[in-house]
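Written out below as structure tokens is the structure these notes cover.
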Amino acid sequence: QIELAPGASVRLVREALPATKPLLYPRAIAHFIDLGVVLGMSLYCSKLASIVLLSLHSRAIAGTGREAGALFHDAYAYSSLQMLIASLTILSVLYFVALPFALGRTFGLGLLGLRLRAEGGEWPTLRQLSLRLVGCLVTYGSFGAVGLVGLRNCEGKFFQDRLSGTRVTE
């Protein structure tokens with residue numbers, strides 16, 4: 001309990017979050033977990049979508065007189081890459097933008113007890129999370145080289161953190 005002199009006022013100052021310490025290993029593990037989740041879900045969804053589309057066209061298949069297995073193989077071989085790209089795009093946006101917007105973390109970050117925050121400590125905006133996704137794609141596309149180069153320059157922040165104005169904290 002603090003006693004104040006008459007007429008004195010107290011000004012509460014919100015402390016800034018401590019500087020991000022380099023969380024290289026936990027973040028790398030979280031990235032591998034997140035990539036595994038998104039790739040696994042994308043593969044599953046693309047196969048499921050191919051099967052559903054094929055079953056929707058079963059009457060047309062019966063009219064061709066060809067064996068269903070051969071038609072399935074032809075249709076799946078043709079559409080599997082397009083389905084994979086579509087499901088990977090949709091699930092990446094949902095997983096790396098919508099999930100952190102709602103929960104403040106991805107599954108990989110959550111398993112390791114890490115949180116995703118904006119620079120001021122508040123929850124990241126959709127714009128920041130979208131920029132973070134772009135930064136992640138650049139980092140993954142360069143097989144991590146862009147992210148590791150960025151670590152040298154900025155207090156343990158990966159490229160996507162600098163691009164989006166976010167940081168990962170414990």
Side-chain angles (χ1 to χ4, degrees), residues 13-56 75-170:
V13 178
R14 188 177 132 204
E15 292 182 29
L17 289 175
T20 304
K21 59 182 182 176
L23 300 168
L24 179 61
Y25 295 118
R27 291 189 64 185
I29 293 169
H31 277 286
F32 283 120
I33 291 170
D34 291 338
L35 279 175
V37 168
V38 170
L39 289 175
M41 288 173 56
S42 296
L43 284 172
Y44 176 76
C45 288
S46 67
K47 288 181 185 246
L48 183 64
S50 294
I51 291 169
V52 167
L53 288 175
L54 189 63
S55 68
L56 290 175
Y76 184 72
Y78 174 74
S79 66
S80 63
L81 182 61
Q82 291 88 350
M83 291 290 187
L84 180 61
I85 291 170
S87 63
L88 189 60
T89 302
I90 292 167
L91 288 172
S92 292
V93 170
L94 288 174
Y95 188 84
F96 288 111
V97 176
L99 188 66
F101 185 73
L103 303 177
R105 58 183 70 186
T106 61
F107 291 127
L109 291 174
L111 285 174
L112 298 170
L114 303 174
R115 298 178 301 167
L116 181 63
R117 296 291 182 252
E119 284 295 331
E122 64 275 359
W123 286 63
T125 63
L126 284 175
R127 180 181 182 277
Q128 287 175 313
L129 291 169
S130 299
L131 285 171
R132 184 174 170 78
L133 174 61
V134 170
C136 284
L137 294 175
V138 169
T139 301
Y140 296 153
S142 67
F143 299 102
V146 170
L148 292 176
V149 169
L151 279 178
R152 291 185 57 202
N153 303 329
C154 194
E155 297 180 356
K157 293 176 78 176
F158 284 116
F159 173 74
Q160 60 266 22
D161 296 328
R162 290 189 347 209
L163 180 67
S164 64
T166 60
R167 67 171 149 186
V168 175
T169 59
E170 291 183 311

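No hydrogens, no waters, no symmetry mates; every other heavy atom, side chains included, goes into these values.
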Margin query: Just to verify, what does S92 make a side-chain hydrogen bond (donor to acceptor under 3.5 Å, both in side chains) with, not counting sequence neighbours?
Written below: none

Next item on the list: For Y95, check ring-ring contact (aromatic ring centres under 6.0 Å, His included) against everything at least two apart and list the hits.
Entry: F107

Notebook entry, point to check: Can you name the side chain to side chain contact (heavy atoms under 4.5 Å, CB included) partners of T89, sequence neighbours left out?
Noted result: I85

Please tabulate, for side-chain N and O atoms in residues 37-44, each donor-acceptor pair with protein atoms closer than 3.5 Å (sequence neighbours left out).
unit_1, atom_1, unit_2, atom_2, d
S42, OG, V38, O, 2.7

Notebook entry, point to check: side chain to side chain contact (heavy atoms under 4.5 Å, CB included) between L114 and E170: does it pass, once the steps are laid out?
Noted result: CA-CA 5 Å; L114 303 174; E170 291 183 311; 3.9 Å; yes

Margin query: Restricting to non-hydrogen atoms, name the atom on E119 and the atom on T166 that form the minimum distance, rounded to 0.1 Å.
Written below: OE2-O, 3.6 Å

Next item on the list: Of all the heavy-atom pairs spanning P124 and R117, show the shortest one and how long it is.
Entry: CD-CA, 4.1 Å

Item checked: 4.5 Å side-chain heavy-atom contact, R115 and V168 -> no

Note to self: Listing request: all salt bridge (charged side-chain N to carboxylate O under 4.0 Å, His left out) pairs with a residue in residues 31-44, at least two apart in sequence or in separate chains.
What the structure shows: none

Next item on the list: Identify the heavy atoms of S164 and L131 that sit nearest to each other, and give their distance.
Entry: CB-CB, 3.9 Å

Notebook entry, point to check: So how far is it from T106 OG1 to I33 CD1, rounded to the nearest 0.5 Å?
Noted result: 8.5 Å

Next item on the list: Sorted by first residue and then second, give each salt bridge (charged side-chain N to carboxylate O under 4.0 Å, His left out) pair with at least one member in residues 128-137; sequence neighbours left out.
Entry: R132-D161

Next item on the list: Report the distance from atom CG of L109 to atom CG of L103, rounding to the nearest 0.5 Å.
Entry: 11.0 Å

Check: Would you call L111 and I29 a side-chain contact if the rule is heavy atoms closer than 4.5 Å?
Finding: no

Note to self: List the residues meeting side chain to side chain contact (heavy atoms under 4.5 Å, CB included) with L126, not counting sequence neighbours, and say none if there are none.
What the structure shows: V97, F101

Next item on the list: Identify the two heavy atoms, one from C45 and one from L91, that lie closest to each other, and give their separation to 0.1 Å.
Entry: SG-CD1, 4.1 Å

Notebook entry, point to check: Can you name the closest pair of heavy atoms from L129 and P100 and give their distance?
Noted result: CD2-CB, 3.8 Å

Next item on the list: Kindly compute the distance separating OG (S46) from CD1 (I90), expressed to the nearest 0.5 Å.
Entry: 11.5 Å

Next item on the list: Please list, chain by chain and in numerical order, all residues satisfying ring-ring contact (aromatic ring centres under 6.0 Å, His included) with Y140, sequence neighbours excluded.
Entry: H31

Check: Which pairs, with at least one residue in residues 120-139 and sequence neighbours excluded, count as a ring-ring contact (aromatic ring centres under 6.0 Å, His included)?
Finding: none

